[in-house]
Number of protein chains: 2
Amino acid sequence: MISLRQMRSVVAVAEEGSFTRAAVRENATQSGISQHVATVEESLGIRLFERTSEGVLLTPAGDRYYKKILDVLRGSEEAIIDAQSSRETLSGPVRAGIMPVLARAALAPALERMACQHSDVSIHIMEGYSGALTDSVKAEELDFAVVPAFGGAVGLNVSHLARDREMLVGGAQSGLVHGKPVRLAELPPLKLVTPSRNNIRKARIEDYLTTHSVCVDRVMEMDAMFGTLDFVARTDWVTILPGVICAPDLDGTVRRIAPIDQPPLYLDLVQIEPARRPLSLQARVFLEELKKEVEELVAT
Amino acid sequence: MISLRQMRSVVAVAEEGSFTRAAVRENATQSGISQHVATVEESLGIRLFERTSEGVLLTPAGDRYYKKILDVLRGSEEAIIDAQSSRETLSGPVRAGIMPVLARAALAPALERMACQHSDVSIHIMEGYSGALTDSVKAEELDFAVVPAFGGAVGLNVSHLARDREMLVGGAQSGLVHGKPVRLAELPPLKLVTPSRNNIRKARIEDYLTTHSVCVDRVMEMDAMFGTLDFVARTDWVTILPGVICAPDLDGTVRRIAPIDQPPLYLDLVQIEPARRPLSLQARVFLEELKKEVEELVAT
DNA sequence: TTGTGCTATCAAGAATTCTAATGAGGCTCT
DNA sequence: AGAGCCTCATTAGAATTCTTGATAGCACAA
């Protein structure tokens with residue numbers, strides 16, 4: 001009889017393409033994974049993986065089996081969640097990953113509502129950039145994460161959460177008119193603060209700058225959200241940030257916010273979760289709160 | 001994390017309505033089952049069963065959970081079967097239960113084809129009456145069984161296999177014309193050999209006799225197939241048997257076979273298998289052979 | 001050749017799962 | 001009321017399974 005643990009091992013190896021990485025993800029040793037997979041292969045009487053010197057690949061039969069047991073694993077978790085939904089109060093942990101952009105304005109209200117309406121739910125937030133969050137979700141250290149849209153990944157369910165608009169943000173002396181859309185190409189050469197290279201938004205912003213022939217004087221890469229905000233407020237540098245982060249600056253006294261226009265630059269936010277595990281009820285509720293909050297912020 | 005074994009325990013208890021019987025069915029001890037169920041209930045945080053002094057009953061939440069994990073268990077077995085179907089040769093065991101009526105004529109040809117076409121498949125046949133076969137299927141001592149249609153049972157998948165016609169069978173001196181349909185009500189009082197009370201066919205036959213005012217002189221209950229056949233051949237007693245058993249008597253020299261008519265009396269054959277486990281590939285193939293054979297016999 | 005990546009294998013210890021015995025409660029018969 | 005029989009729950013120890021860490025082997029690249 002093949003156990004769920006063994007199936008998890010097969011799934012991990014299939015998705016990671018490597019026994020070693022699968023072991024890391026499953027908090028196990030390579031040896032244990034190897035034994036599990038070997039046991040499964042033996043009791044099925046078929047070879048699931050083609051071993052090469054730099055990892056493994058699913059055989060056709062292995063691929064079919066992998067798809068089947070994905071359903072089994074998901075089903076077993078769904079059953080738990082479903083059963084728990086019949087309890088009076090929502091409880092249990094929620095471990096959510098969110099990008100810094102959301103953490104400034106959208107997080108707190110959602111958190112507050114959640115904490116007061118479902119006091120038995122313990123929430124753990126991890127703030128980080130998409131790469132780190134994605135890894136944590138894969139390792140199931142997080143139930144889900146909200147990150148910028150990206151190319152997709154094996155073993156993850158990706159679904160669209162909201163679309164936000166990028167803004168040009170500068171200080172009082174930036175010359176920007178608060179709330180008035182700007183066309184970047186028409187501005188004098190920019191002194192621009194951008195995220196660093198490993199940030200997904202960086203690539204999108206650069207794309208936009210080159211394809212719309214925006215003139216850039218100087219570029220500074222900075223991954224510190226608060227640092228950036230403070231820096232542009234005090235100097236003549238500007239930066240590009242999504243609308244959701246701008247709510248605290250709505251009055252326009254400290255910082256000037258100008259929607260990028262002609263064409264607008266959008267930021268698509270997606271939620272990601274492990275494909276092999278459905279979201280817990282409490283996680284779904286929290287995600288709903290977050291989404292509600294983001295949509296509200298985007299609308300303003 | 002809830003294991004498949006634990007789920008099996010929950011399913012068994014749900015279907016048997018008792019920890020003790022579930023333990024028997026699972027080849028385990030009542031203690032083990034109790035612990036498994038307790039663990040599951042604890043990790044779900046809900047009560048799955050209402051304990052009474054004469055067994056247990058699913059709570060509403062328990063019922064939902066039961067239905068979910070049935071799918072999970074079936075899925076995990078399906079994955080195995082599916083994976084094995086990608087192997088070159090069919091192999092593994094088939095444990096089939098069939099009623100004596102089928103064993104006389106339908107079994108041997110199906111068995112022979114199976115044995116010669118799939119030499120790696122080991123077949124084990126259990127002959128018995130529906131009660132015993134049903135129990136064995138529930139205990140998973142058998143992969144499937146073919147029995148007369150009946151009222152259904154929890155934990156079993158029942159599906160129609162074939163419909164056969166009951167025949168009146170007598171010896172040379174019975175006065176029956178071989179192959180000519182008879183109306184039982186028009187015959188002189190019958191000296192009838194029937195199955196015994198715990199046989200499903202018995203009830204159907206009695207129903208027929210009373211609702212169609214058939215005159216019966218004497219009744220003898222006998223559960224021995226060969227004994228019955230031999231007995232009616234030598235005496236003026238007659239019996240009622242389905243057509244599938246009559247193939248060896250097609251010539252009409254030893255026994256006379258007369259289809260019961262106005263109205264005909266049918267025997268519906270169903271296949272039963274555990275609901276929580278799909279049929280293995282080899283079992284499905286064998287069942288197909290059996291079905292083919294039965295249909296051929298019924299047609300003649 | 002040496003180094004680096006990968007998976008397989010082994011034996012021992014840790015952890016889990018099973019079992020057998022016993023307990024506690026309810027029902028039914030005498 | 002008490003004996004007998006049924007139910008499920010609870011233990012402690014036995015049996016099994018899982019996990020680990022060390023090691024071996026293999027393929028490829030420098």
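- Between the P atom of C:dG5 and the CZ atom of A:R21 lies a distance of 12 Å, rounded to the nearest Å.
- The nearest whole Å value for the distance from the CZ atom in B:F49 to the P atom in D:dT7 is 16 Å.
- No hydrogens or angles were tested; on distance alone, nothing pairs the side chain of B:Q35 with the base of D:dA9 as donor and acceptor under 3.5 Å.
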Handout entry: Trace of the side chain to side chain contact (heavy atoms under 4.5 Å, CB included) decision for A:V11 with A:Y66
Key = CA-CA 6 Å; A:V11 166; A:Y66 159 70; 4.0 Å; yes
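- For B:F19 and C:dG25, the CZ to P distance is 17 Å, given to the nearest whole Å.
- Nucleotide D:dT7 holds its P atom 12 Å from the CD atom of B:E16, rounded to whole Å.
- Relative to the side chain of A:S31, the nucleotides C:dT19, C:dT7, D:dG21 differ in distance, and D:dG21 lies closest.
- When the side-chain nitrogen and oxygen atoms of A:T20 are compared with OP1 and OP2 of C:dT7, one or more of them lie within a distance under 4.0 Å.
- What you find for A:P278 and A:E77 is that their closest heavy atoms are CD-CB, 3.2 Å.
- Per the geometry, CZ belonging to A:R8 stands 11 Å off P belonging to D:dT19, to the nearest Å.
- Residue B:Q6 places no side-chain atom within donor-acceptor reach of the base of C:dT17, judged by atom type and a 3.5 Å distance cut-off alone.
- Each of A:Q30 and B:E41 has a nearest nucleotide on DNA chain D; the 5'-most of these lies closest to B:E41.
- If you measure from atom CD1 of A:I33 to atom C1' of D:dC18, you get 12 Å, rounded to the nearest angstrom.
- For the pair B:M1 CE and D:dT17 P, the interatomic distance rounds to 20 Å; values are reported in whole Å.
- Between B:S18 and D:dC8, a side-chain N or O to OP1/OP2 separation shorter than 4.0 Å is present.
- OP1 and OP2 of D:dT17 both lie 4.0 Å or more from every side-chain N or O belonging to A:H36.
- The phosphate of C:dT16 has neither OP1 nor OP2 within less than 4.0 Å of any side-chain N or O from A:R5.
- Distances shorter than 4.0 Å separate none of the side-chain N or O atoms of B:R51 from OP1 or OP2 on D:dT7.
- Rounded to an integer number of Å, the gap from A:E50 CD to C:dT7 P is 13 Å.
- Summarising the geometry of B:E221 relative to B:K202, their closest heavy-atom pair is OE2-NZ, 3.1 Å, with the distance given to 0.1 Å.
- The closest side-chain donor-acceptor pair between A:T39 and A:Q35, if any, does not fall under 3.5 angstrom.
- In this pair, A:F49 and A:F19 present their aromatic rings perpendicular. The plane angle is above 60°, beyond the 30 to 60° band.
- No donor-acceptor contact under 3.5 Å links the side chain of A:S34 to the base of C:dT9.
- Residue-level contact check: A:A38 touches neither bases nor backbone, having no heavy atom under 4.0 Å from any strand.
- Not a single donor-acceptor contact under 3.5 angstrom links the side-chain atoms of B:T29 to the base of C:dA20.
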